[in-house]
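Step one of this worksheet: look at the structure below.
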Amino acid sequence: MKKLLLLILSFFIYSCLIAQQKNIIRGKVIDSLTQEPIESAIIKVMNSGSTVVTDSKGNFIFRAIKGDSLLVSYIGYRSRIIKQIPDKTLLIALAKGAITLKDVTITNNETINTYRTLSNLDLNMQPAKSAQDLLRLVPGLFIAQHQGGGKAEQIFLRGFDADHGTDVNISVDGIPVNMVSQAHGQGYADLHFLIPETVSGYDFGKGPYYTDKGDFNTAGYVAYHTKDVLDQDMVRVEAGQFSTFRTVALINLLSEKAKEKGTNAYIAADGLFSNGGPFIVPEHFTRYNVFGKFVTRIDSNNKLTAILSTLKSDWRASGETPDRAVAEGYITNRFGTLDSVQGGHTARTNASLKLTTNLGDNLTIENQLWYSHYYFNLVSNFSFYYYFPATGDEFRQYEIRDLGGYNGKISKTTTVNNTSFTTTAGIGTRYDHIDPSELDHTENGQFLGYLQYGRTEELNANSYIDETILTGNWLFNAGVRVDYFDFNYQNLAADTIATNIFNGVSANQQKATISPKLSAEYTFDHDLQLYFKAGKGFHSNDARVVIANRGYAILPAAYGADLGVNWKPLPGLYINTAAWYLFLQQEFTFGSDLIDQPAGPVGPSGRTVRIGVDFSARYQLTDWLFTNLNVNVARPRYIDSAKGHDYVELAPTLTSTAGLNFRLKNGINGGISYRYLHDRAANTGYSLTARGYFITDLTVNYTQKSYEIGIAIENLFNRRWDEAQFEYTSQLKGETAPVDQVSYTPGVPFFAKLRLAVFF
């Protein structure tokens with residue numbers, strides 16, 4: 001008994017001595033060139049094997065025994081070993097290096113974003129060449145252009161034809177991209193003001209599980225972040241088929257001495273002209289972008305970021321062509337047009353001011369004010385002579401909008417023994433003033449009369465609180481979000497199709513919604529992690545429809561759940577897969593829910609349910625050869641429709657992308673990739689089919705320290721394909737009766753583009 005007591009006492013004393021030797025180690029990981037913090041860098045204690053991850057400011061904190069060594073790594077950077085951890089705060093600078101999947105370590109994070117590894121890998125391996133490429137970086141996200149190059153892309157994700165953003169929340173540096181109550185469609189997300197070369201990273205999440213994401217976050221969200229500091233100055237020139245020319249420049253504005261003091265500023269400019277393809281009526285697509293960013297450290301605890309950007313774009317469009325148009329001789333080939341006046345003009349100016357304050361003791365506050373001015377003018381014709389046999393159905397969607405808001409967030413991390421608690425709370429506002437908001441009947445681009453004309457005001461106020469608990473192998477996240485909306489629509493037209501709809505109804509409606517979220521992760525080791533997510537999200541309805549429907553179904557909810565796994569079965573192989581479910585109280589489908597076409601408003605499409613599986617894999621075959629694969633399966637169905645008539649129009653059921661990328665030490669790099677979209681239902685009864693496609697792209701570059709030359713080829717094998725497809729009832733000139741049929745926008749054939757960039 002005495003021996004046992006002596007053993008217990010010895011063990012207690014030893015444990016106390018060990019505990020006394022353990023110090024709380026704080027540090028920060030930065031880029032050695034730009035001095036900017038690196039988020040999600042992994043710090044591994046060599047002796048114990050425990051790991052921590054840096055936060056958005058590059059900071060980390062953990063307990064370690066004197067004499068421990070650290071391994072610090074991040075994708076695309078050279079790993080560093082820190083021997084004999086000092087007592088003082090660590091500042092660890094990482095230099096850019098070769099990409100290796102061996103650096104990928106699966107670990108619990110202070111956030112619940114299980115896709116961060118994928119976004120880091122893909123942005124490093126697949127540099128975006130355009131704003132469209134930035135969207136395609138999200139596994140399972142497909143896009144389509146159907147009204148000329150300047151219009152926002154149609155978005156497909158997780159069994160959604162999300163139109164132009166109705167079910168995908170998109171932002172850039174905290175500025176929302178989606179437009180509420182937009183003239184062309186609810187949630188319209190035109191990302192063309194973003195210059196791809198300025199992007200430093202992006203976050204994405206699938207499903208409605210994120211407390212800081214509100215309206216339109218049902219299928220998922222995408223949030224882009226621009227660079228605070230340029231690695232180097234750059235000028236790039238591109239030229240290709242179909243009279244395509246683009247030039248872009250990124251220039252530092254301040255000296256190295258200013259940078260050393262924590263002040264950076266740069267300007268980026270982008271100009272593009274293209275005819276978009278072999279269209280008989282050339283697109284004449286022009287786009288001009290200017291972007292400026294200023295970052296300064298006011299003092300050791302305060303960082304100020306100012307952003308100013310502007311976009312101007314003009315284009316012509318061939319529009320959508322009914323399947324019968326070529327066969328019956330209305331146009332000579334599939335690149336012809338039935339209405340040569342279609343096209344548009346858009347402009348957007350953005351401003352943002354953000355103050356980030358570090359109050360010490362792991363407490364940070366962010367305050368952001370933002371503002372945008374937006375102009376939109378689009379002429380379209382989908383049905384030709386169906387509604388107006390004498391003058392035709394051509395129409396114009398037009399609006400001028402001012403929008404602005406505030407984003408505030410406070411975050412505090414507390415560590416108790418081996419458990420950390422991260423509490424985040426946020427508030428935000430957004431106000432949109434749209435005057436005018438109109439739909440006009442036109443002929444050859446000339447105004448004939450109003451179909452809908454009014455003024456829209458919409459206010460969204462929100463708040464959320466979120467708690468993340470990290471203990472051992474477990475991570476738990478729970479939060480709740482509250483959104484309040486005030487809708488106001490004033491009908492200003494005396495005699496239109498819409499006038500009778502708004503007579504006698506209140507011009508103002510309000511609604512609030514509460515969105516709870518709950519997630520959990522269990523990390524078995526550095527190679528395997530299981531996660532579960534559940535939550536409620538929503539998408540708002542167009543203010544015109546809200547008022548017309550007297551406030552019915554203003555904020556239809558979405559309820560979802562994910563069960564997924566992150567797995568590294570081999571050092572060079574990373575796999576993410578998830579089974580998911582999503583229920584939607586009210587489906588939005590193209591042309592069915594808004595007062596944005598000559599037919600006038602139609603009731604919402606009803607309840608839907610989706611189940612699916614997402615699979616993504618990234619594999620490093622050699623030091624210089626990488627491959628990626630994404631497969632996404634979904635089964636979208638209406639709940640209240642009879643079997644066989646319950647298909648969700650245009651919703652994708654099977655998509656896949658894959659690529660083989662290479663990076664040789666001599667500077668040769670590039671890759672070959674495909675994107676596949678399966679056939680899908682064009683109407684609820686699947687009597688009409690939206691045809692799928694399989695397209696292959698190729699990129700080859702030769703990159704040196706001071707220059708880069710390359711070639712990019714889209715549709716390498718010159719496949720005939722349809723980029724966008726819709727079901728329309730249309731009547732062509734001379735036809736005696738309308739026809740319900742699929743209309744399409746042809747995809748671009750073989751398209752080669754040369755690139756030359758100079759770095760200095």
Side-chain angles (χ1 to χ4, degrees), residues 75-76 96-101 118 120-137 139 142-143 195-199 231-232 234-250 270 272-278 572 617-630 656-676 693-719 721 747-760:
I75 299 168
K96 290 281 181 67
I99 297 171
T100 171
L101 275 166
L118 285 174
N120 289 338
L121 282 170
D122 291 348
L123 189 61
N124 275 283
M125 290 307 304
Q126 305 170 57
K129 302 180 290 295
S130 66
Q132 294 92 326
D133 287 332
L134 287 170
L135 286 169
R136 289 193 182 112
L137 284 174
F142 276 57
I143 59 173
I195 301 173
E197 287 84 357
T198 65
V199 173
D231 295 347
Q232 55 194 341
M234 182 200 75
V235 174
R236 173 175 288 149
V237 178
E238 302 173 354
Q241 293 174 273
F242 314 123
S243 302
T244 298
F245 301 95
R246 177 178 182 253
T247 182
V248 60
L250 280 72
D270 168 290
L272 171 69
F273 176 85
S274 179
N275 282 328
R618 305 293 182 267
Y619 184 47
Q620 184 171 0
L621 290 89
T622 68
D623 290 342
W624 56 272
L625 189 61
F626 304 78
T627 186
N628 63 81
L629 172 67
N630 302 297
S656 178
T657 59
L660 193 64
N661 302 292
F662 53 90
R663 286 194 172 188
L664 302 176
K665 292 182 179 180
N666 61 7
I668 297 176
N669 62 89
I672 186 168
S673 62
Y674 77 74
R675 59 187 189 273
Y676 170 70
Y693 57 78
F694 187 101
I695 301 299
T696 306
D697 300 327
L698 174 68
T699 302
V700 178
N701 301 308
Y702 180 64
T703 306
Q704 295 297 302
K705 185 177 181 179
S706 59
Y707 69 92
E708 178 183 75
I709 57 174
I711 183 171
I713 300 175
E714 297 180 25
N715 197 358
L716 177 64
F717 300 112
N718 200 25
R719 298 288 298 272
W721 64 295
V748 176
F750 180 96
F751 172 43
K753 183 169 59 177
L754 296 173
R755 310 166 66 197
L756 170 63
V758 178
F759 311 111
F760 54 97

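Side-chain atoms are counted along with the backbone in the values below, which use heavy atoms only and exclude waters and symmetry mates. Positions are given from 1 along the sequence. This is a predicted model, so every value here is computed, not measured.
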Residue pair Asn715 / Val748, side-chain heavy-atom distance below 4.5 Å: no
Heavy-atom side-chain contact between Arg719 and Phe694 under 4.5 Å: yes
Could you tell me which non-hydrogen atom of [X] sits nearest to which non-hydrogen atom of [Y], and how far apart they are?
X	Y	result
Gly667	Gln704	CA-NE2, 3.9 Å
Asn718	Phe750	OD1-N, 3.0 Å
Ile711	Asn701	N-OD1, 4.2 Å
Leu272	Arg246	CD1-CB, 3.8 Å
Arg618	Pro139	NH2-CG, 3.8 Å
Gln620	Thr100	OE1-CA, 3.2 Å

How long is the straight-line distance from [atom2] of [Y] back to [atom1] of [X], given to the nearest 0.5 Å?
X	Y	atom1	atom2	answer
Leu754	Thr244	CG	OG1	11.5 Å
Leu250	Gln232	CG	CD	10.0 Å
Met234	Thr198	CE	OG1	9.5 Å
Thr247	Leu756	OG1	CG	10.0 Å
Asp231	Phe759	CG	CZ	10.0 Å
Asn669	Tyr702	CG	OH	11.0 Å

Under the side chain to side chain donor-acceptor pair (under 3.5 Å) test, residues paired with Gln132 that sit two or more places apart: Ser130, Glu153
With Tyr674 via side chain to side chain donor-acceptor pair (under 3.5 Å) - residues at least two apart: Ser656
Test side chain to side chain contact (heavy atoms under 4.5 Å, CB included) applied to Pro278 - qualifying residues, sequence neighbours left out: Phe242, Phe335, Pro749
All side chain to side chain contact (heavy atoms under 4.5 Å, CB included) counterparts of Val758, not counting sequence neighbours: Phe760
Lys/Arg-Asp/Glu bridge criterion (N-O < 4.0 Å) met for Glu714, Lys753: no
Any pair counted as salt bridge (charged side-chain N to carboxylate O under 4.0 Å, His left out), so long as it reaches residues 696-705, sequence neighbours left out: Arg675-Asp697
Enumerate, atom names and distances included, each donor-acceptor pair closer than 3.5 Å involving a side-chain atom of residues 657-665, sequence neighbours excluded.
from, atom 1, to, atom 2, distance (Å)
Thr657, OG1, Asn630, ND2, 3.0
Arg663, NH2, Asn124, O, 2.3

Working for side-chain contact (heavy atoms from CB on, under 4.5 Å), residues Leu121 and Phe626: CA-CA 10 Å; Leu121 282 170; Phe626 304 78; over 6 Å; no
Donor-acceptor contact present, side-chain Thr699 to main-chain Ile713, <3.5 Å: no
